[in-house]
> 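This is the structure, below, for whatever I ask next.
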Amino acid sequence: QVQLVESGGDSVQPGGSLRLSCAVVGYTPSRSTMAWFRQPPGKSREGGAAKDSGGSTLYADSVKGSVTISQDNAKNTLYLQMNSLKPEDSAMYYCATGGRCHLSLGGLDSGCYDYWGQGTQVIVSS
């Protein structure tokens, strides 16, 4: 049984930072593509950042420069560091792993991933 548990979501002011964590149980995240997605209220889920087993990363244009995806293999944990947060970044954030795709072949496509977390909420407001 594979379980992903996100944490770190919070309510922050614009310009603030958050680090989201995703603990993975029953799977080795470093051996497949993994990613972070977000779903703003009333909108569809979108891919923000992905990382493959070789360490290569892929970022959506909308988050380049303000988001970093990383992992701690010893802890089986995936991270998303978010800086300079804006109100439009408010969303439910989900981690995903078990990716079957190369980054260049849909690393930011939700259909690439077999395992998903329950989500953690980020609210950016004054």
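No experiment lies behind these values; they were computed from the predicted model shown.
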> Evaluate Thr77 against Val24 for side-chain contact (heavy atoms from CB on, under 4.5 Å), listing each step before the verdict.
CA-CA 6 Å; Thr77 301; Val24 182; over 6 Å; no
> Would you give the length of the straight line joining atom CD of Glu6 to atom OH of Tyr79, rounded to the nearest 0.5 angstrom?
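The CD atom of Glu6 sits 13.5 Å away from the OH atom of Tyr79.
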> Atom OG in Ser66, atom CG in Leu85: separation rounded to 0.5 Å?
7.5 Å
> Hey, what do you get for CH2 (Trp36) to OG1 (Thr97), rounding to the nearest 0.5 Å?
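Reported to 0.5 Å precision, the distance equals 11.0 Å.
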> Can you tell me how far apart CG (Asp109) and OG1 (Thr33) are? Round to the nearest 0.5 Å.
12.0 Å
> Look only at the side chain of Tyr113 and the backbone of Gly107, and say whether a donor-acceptor pair between them is shorter than 3.5 Å.
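Indeed, once roles are kept as given, a pair shorter than 3.5 Å links the two residues.
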> Is there a side-chain contact between Val124 and Ser90, using heavy atoms and a 4.5 Å cut-off?
yes
> Could you check whether any side-chain heavy atom of Cys95 comes within less than 4.5 Å of a side-chain heavy atom of Leu78, counting everything from C-beta outward?
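They are in side-chain contact.
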> What salt bridge (Lys or Arg N to Asp or Glu O under 4.0 Å) pairs are there with at least one residue in residues 71-88, not counting sequence neighbours?
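Residue pairs with at least one partner in residues 71-88: there are none.
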> Heavy atoms, side chains only, cut-off 4.5 Å: are Val12 and Ile123 in contact?
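With C-beta onward as the side chain, the pair stays apart.
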> With a 4.5 Å cut-off on side-chain heavy atoms, are Leu80 and Thr68 touching?
no
> Run the side-chain contact (heavy atoms from CB on, under 4.5 Å) test on Met82 and Leu20 for me, step by step, so that the C-alpha distance in whole Å, both residues' side-chain angles and the decisive distance to 0.1 Å come before the verdict.
CA-CA 8 Å; Met82 302 189 293; Leu20 307 183; 3.8 Å; yes
> Would you tell me whether Ser17 and Asn83 have side-chain atoms, one donor and one acceptor, within less than 3.5 Å of each other?
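The answer is yes; a qualifying pair exists.
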> Working to the nearest 0.5 Å, report the span between CD of Gln39 and CE of Met92.
8.5 Å
> Would you indicate whether the side-chain heavy atoms of Arg45 and Trp116 approach each other to under 4.5 Å?
yes
> Check whether any side-chain N or O of Arg100 sits under 3.5 Å from a backbone N or O of Gly111 as a donor-acceptor pair, and report yes or no.
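Side chain of Arg100 to backbone of Gly111: a pair is present.
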> Taking the side chain as every heavy atom from C-beta outward, state whether Leu58 and Ile69 have any pair of such atoms under 4.5 Å apart.
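Side-chain contact under 4.5 Å: no.
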> Of all heavy-atom pairs between Val2 and Leu4, which one has the smallest distance, and what is that distance?
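Distance-wise, the nearest heavy atoms are CG1-CD1, 3.7 Å.
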> Side chains of Ser110 and Tyr94 only: does a donor on one sit below 3.5 Å from an acceptor on the other?
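Ser110 vs Tyr94: no donor-acceptor pair found between side chains.
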> Before giving the answer on side-chain contact (heavy atoms from CB on, under 4.5 Å), spell out for Glu46 and Arg38 the whole-Å C-alpha distance, their side-chain angles and the decisive distance to 0.1 Å.
CA-CA 6 Å; Glu46 58 186 19; Arg38 71 183 184 186; 2.8 Å; yes
> Measure from the side-chain N and O atoms of Asp52 to the backbone N and O of Gly54, and report whether any donor-acceptor pair falls under 3.5 Å.
yes
> Are the ring centres of Tyr93 and Phe37 closer than 6.0 Å?
no
> Any heavy-atom pair between the side chains of Lys51 and Leu103 that's under 4.5 Å?
no
> Measure across Ser11 and Ser125 and return the closest heavy-atom pair with its distance rounded to 0.1 Å.
OG-OG, 4.4 Å
> Report the C-alpha separation of Asp89 and Val122 in whole Å, then their side-chain angles, then the decisive distance to 0.1 Å, and conclude whether the side-chain contact (heavy atoms from CB on, under 4.5 Å) test is met.
CA-CA 8 Å; Asp89 295 321; Val122 173; 5.6 Å; no
> When you compare the side chain of Ser53 with that of Ser32, does any pair of heavy atoms fall below 4.5 Å?
no
> Same cluster for Leu108 and Met34 if Ile/Leu/Val/Met/Phe/Trp/Tyr side chains link at under 4.5 Å?
no
